[in-house]
Number of protein chains: 2
Amino acid sequence: MNTTISDIAKIAGVAKSTVSRYLNGGSVSEATRRKIEHVIKETGYIPNSFAQSLKAKKTSMIGAIVPRLDSFAASQTVTGMDEELRENGYQLLIINTSQNLSREIEALYDLARQKISGIVLFATQITESHLTAIEEIGIPVIFLGQQHEDVHSIIYDDYTAGYEIGRYILAKGHRDIAYLGVTEKDVAVGVRRKHGFQQALKEQAGASADFYESGFRMSVAVEAASRILDNRDRRPTAIVCATDNIALGVMKAAHMRGIRIPEDISVTGFGGYDVTEVIHPGLTTVKYGYAAGGRLAARQVMKLVQEESVDTLTVLDYEFIERESVDNIE
Amino acid sequence: MNTTISDIAKIAGVAKSTVSRYLNGGSVSEATRRKIEHVIKETGYIPNSFAQSLKAKKTSMIGAIVPRLDSFAASQTVTGMDEELRENGYQLLIINTSQNLSREIEALYDLARQKISGIVLFATQITESHLTAIEEIGIPVIFLGQQHEDVHSIIYDDYTAGYEIGRYILAKGHRDIAYLGVTEKDVAVGVRRKHGFQQALKEQAGASADFYESGFRMSVAVEAASRILDNRDRRPTAIVCATDNIALGVMKAAHMRGIRIPEDISVTGFGGYDVTEVIHPGLTTVKYGYAAGGRLAARQVMKLVQEESVDTLTVLDYEFIERESVDNIE
DNA sequence: CAACGCTTTGGAACCGGTTCCGATGCTTTG
DNA sequence: CAAAGCATCGGAACCGGTTCCAAAGCGTTG
């Protein structure tokens, strides 16, 4: 069943170094080439990549540590990474942590044990143990989605995007706004988007906002939205949501109550998920190029592996997409 | 940087076999245990898993070959697999083929080279080369989503689901129906769902359907839907779609034309994607338990690896979900 | 006190490849 | 025709672990 290079050599009547040379394009005579070729076809020999990597002391694998796979952002990003890596002869090894922070640390050591060449970490929070682990494994790591000065980072321009959403909502005449965000532990989504929004708010006299917190899951968002919508004596004219998923939850909660969007209340999202385009009304949101982000992360990590220099911080652009979910109430 | 077991042994003043014994829980005296422990902590030694697997001649990895990652079904399934495998000490290696059939074959050989223990193939089409590859690599393989008599298979009950959708639509009084399907090369989605639907149709006098073909992507579905909707002199009262994505495309195409759902035309889907619940109107569809399917596939492949017996064919249940996208026109 | 048994340890072989180096045989050149 | 050069090949060492076996050290027992 499991033929080795020695078997091939023995059957072909040559030394295993010759077989190895044949496999790796060394100088082999036409006669032996044919012999070996024939034996390999005959036996269905497949080289053992462990033995190869053992000698080479490295693999052509790049690891991706993701908090979850079943999210639009994650799957898009991973797909982008995978394609870029494959085009360059690398293989992607995905580790799903199921949003378990300590599992990220384990994953780091795990990947080191497997002599992975580089790692892209889809970060949500960055702790001390992350940094010591990265230090200890001695493998290039890139943060995607969060930044830290000691580690190469790629982030989306959440602050400016939040600012632009805020400006837009205000320009549409909204003054009583609810901001439905997420935990501040997630710096990018929970803090930076909100701060951008707050900056816009500060620049506009007479505008005020209440801040609420939700989870990432749509079901939690529906609940959080209910709290806002059921507050009869102080209902905002617009709800700004920190993610598209949350916005979807708000829209559902509104629809269940017969509240129309955008006539009765306006909604915005963040992310640019595909569905935001097909639903009715279309969701005004900010679109991030997740696939492009994944490709870039892949390119950068490959550079780091080859010991080329890479910018410590890369900020990715976004695209503001205006659809129908915001009413002009001037 | 890269300390080996020999380094540890030298520093600790013991033989490397002793260190290995320490690491794998053999009998080591308290004194040497402490010495080795200390040195390992000091150096941050991480064993090279290649060398381990080389000797062990296997890994604790299971491979998943998926046509694409950025689909609801795939990411749910993969997540389920991953969790089940991790709980049992296996690691998942995902290979994304970007819907390139020949890459599935490459992936098969690739995984063999890496001495993966078992493989779950998210099948769309099964060709001769698939079967010879599976034969040749000598590793347990499970088909998920398609069946073949020679390979362990897990499928969803597409035929019955299609039948039930058909019965439902007919019971609601629809007689002029458009079926928007996909290529017949995909036996599960393209053939079995359709056949189930056709069976229901055959049992109902006076009902007829036109069959159209679309791709899996929503944008293609929008186009295909347009052909149906713009055919003024023969517009069906209902469109049955082979996937939720296609149904979403139909809904968008309808909305762009001011055609109301379900008042002007009814729509059904297949799959049970999360979004079908939050959109308005809610999409009547059939829900598959993708995560559960993934877990089951994982369990079966682990059994095969341990040379336990497994049913050749497992048929997974579905759940019919009635929402608001179908009108009663009796 | 010799024989025995148990725990602990070191040495060596092995897993399946790659690579370096030296030997061989053939062709080319002066 | 001898010397030099080149392509081809075999042997051995090596990558970093695991495992088998024999030896050493120790206490127990008759």
Side-chain angles (χ1 to χ4, degrees), chain A residues 1-37 39-40 43-61 109-117 137-139, chain B residues 1-37 39-40 43-61 109-117 137-139:
Chain A
M1 179 99 302
N2 262 325
T3 39
T4 74
I5 199 172
S6 307
D7 299 333
I8 303 295
K10 205 171 299 168
I11 300 175
V14 297
K16 63 176 188 167
S17 51
T18 305
V19 179
S20 175
R21 231 175 290 118
Y22 161 81
L23 290 170
N24 298 298
S27 78
V28 187
S29 76
E30 193 49 40
T32 55
R33 173 185 307 278
R34 262 200 302 276
K35 266 193 300 185
I36 297 174
E37 217 156 43
V39 176
I40 286 182
T43 54
Y45 165 68
I46 299 176
N48 179 335
S49 68
F50 290 138
Q52 296 177 312
S53 313
L54 175 58
K55 181 70 178 181
K57 292 182 136 187
K58 67 174 184 83
T59 57
S60 50
M61 283 213 210
Y109 287 109
D110 227 53
L111 293 177
R113 210 189 322 279
Q114 299 186 43
K115 296 290 177 251
I116 280 246
S117 303
I137 61 177
I139 295 176
Chain B
M1 179 97 301
N2 261 326
T3 40
T4 73
I5 199 171
S6 307
D7 298 333
I8 302 296
K10 206 171 301 170
I11 300 175
V14 298
K16 65 175 188 169
S17 50
T18 307
V19 180
S20 174
R21 231 174 289 119
Y22 161 81
L23 289 170
N24 298 300
S27 78
V28 186
S29 77
E30 192 50 38
T32 55
R33 173 186 306 281
R34 262 201 303 277
K35 266 194 300 184
I36 297 175
E37 217 156 45
V39 176
I40 286 182
T43 55
Y45 165 67
I46 299 175
N48 180 335
S49 67
F50 289 138
Q52 295 178 312
S53 312
L54 175 59
K55 181 71 179 181
K57 292 180 139 189
K58 68 174 185 85
T59 58
S60 50
M61 283 214 210
Y109 287 110
D110 227 52
L111 293 177
R113 210 189 323 279
Q114 297 185 44
K115 295 291 178 251
I116 281 248
S117 303
I137 61 178
I139 296 177

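Order of the sequence lines fixes the chain letters, A, B, ..., with proteins taken first and strands second; residue numbering starts at 1 for each chain.
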Asker: Atom CG of A/Asn24 to atom P of C/dG16: distance rounded to whole Å?
Answerer: 17 Å
Asker: Name the nucleic acid region contacted by B/Thr4, choosing base, sugar-phosphate or nothing; use a 4.0 angstrom heavy-atom cut-off, strictly under.
Answerer: sugar-phosphate
Asker: To the nearest Å, how far apart are A/Phe50 CZ and C/dC14 C1'?
Answerer: 17 Å
Asker: Given atom CD1 of A/Ile5 and atom P of C/dG17, what is their separation to the nearest angstrom?
Answerer: 5 Å
Asker: Taking the side chain as every heavy atom from C-beta outward, state whether A/Lys16 and A/Thr4 have any atom pair closer than 4.5 Å.
Answerer: no
Asker: Calculate the interatomic distance between B/Ile36 atom CD1 and C/dT8 atom P; express it in whole Å.
Answerer: 12 Å
Asker: Do NZ/NE/NH1/NH2 and the carboxylate oxygens of B/Arg33 and B/Glu30 come within less than 4.0 Å?
Answerer: yes
Asker: What is the distance, rounded to the nearest whole Å, between atom OH of A/Tyr22 and atom C1' of C/dG17?
Answerer: 16 Å
Asker: Under 4.0 Å from OP1 or OP2 of C/dC15: is there any side-chain N or O of A/Asn48 that close?
Answerer: no
Asker: Between D/dG17 and B/Lys16, counting only base atoms on the nucleotide and side-chain atoms on the residue, is there a donor-acceptor pair under 3.5 Å?
Answerer: yes
Asker: Using only atom types and a distance under 3.5 Å, with no angle test, would you say the side chain of A/Ser53 pairs donor to acceptor with the backbone of A/Thr59?
Answerer: no
Asker: Can you name the nearest heavy-atom pair linking A/Ile46 to B/Lys115, along with the distance?
Answerer: O-NZ, 4.3 Å
Asker: Measure the distance from CD on B/Glu30 to P on C/dT7 and round it to the nearest whole Å.
Answerer: 16 Å
Asker: Taking for each residue the nucleotide of DNA chain C bearing the nearest heavy atom, is the 5' side occupied by A/Ala56 or by B/Thr18?
Answerer: B/Thr18
Asker: Rounding to a whole Å, what distance do you find between A/Arg21:CZ and C/dG22:C1'?
Answerer: 12 Å
Asker: Under 4.0 Å: is that the gap between some side-chain N or O of B/Thr32 and OP1 or OP2 of C/dT9?
Answerer: yes
Asker: Does OP1 or OP2 of C/dT8 have a side-chain N or O of B/Ser27 closer than 4.0 Å?
Answerer: yes
Asker: From CG of A/Leu23 over to P of C/dG17, roughly how many Å is that when rounded to an integer?
Answerer: 9 Å
Asker: Answer with base, sugar-phosphate or nothing: what part of the nucleic acid does A/Val19 contact at a heavy-atom distance below 4.0 Å?
Answerer: nothing
Asker: Hey, does B/Tyr22 have a side-chain heavy atom less than 4.5 Å from the side chain of B/Ile40?
Answerer: yes
Asker: Side chain of A/Ala15 only, please: which of C/dT9, D/dG10, C/dG17 is the nearest?
Answerer: D/dG10
Asker: Scan B/Ser53 against the nucleic acid and name what it touches under 4.0 Å (heavy atoms): base, sugar-phosphate only, or nothing.
Answerer: nothing
Asker: Would you indicate, yes or no, if D/dG17 has its OP1 or OP2 atom less than 4.0 angstrom from a side-chain nitrogen or oxygen of B/Tyr45?
Answerer: yes
Asker: For B/Ser17 and for B/Ala51, locate the closest nucleotide of DNA chain D by heavy-atom distance; then report the residue assigned to the nucleotide nearer the 5' terminus.
Answerer: B/Ala51
Asker: A/Ser29 near the nucleic acid: base, sugar-phosphate alone, or nothing, with a heavy-atom cut-off under 4.0 Å?
Answerer: sugar-phosphate
Asker: Do B/Lys55 and C/dC14 have a side chain to base donor-acceptor pair shorter than 3.5 Å?
Answerer: yes
Asker: Does the side chain of B/Ile36 reach to within under 4.5 Å of the side chain of B/Val14, using non-hydrogen atoms?
Answerer: yes
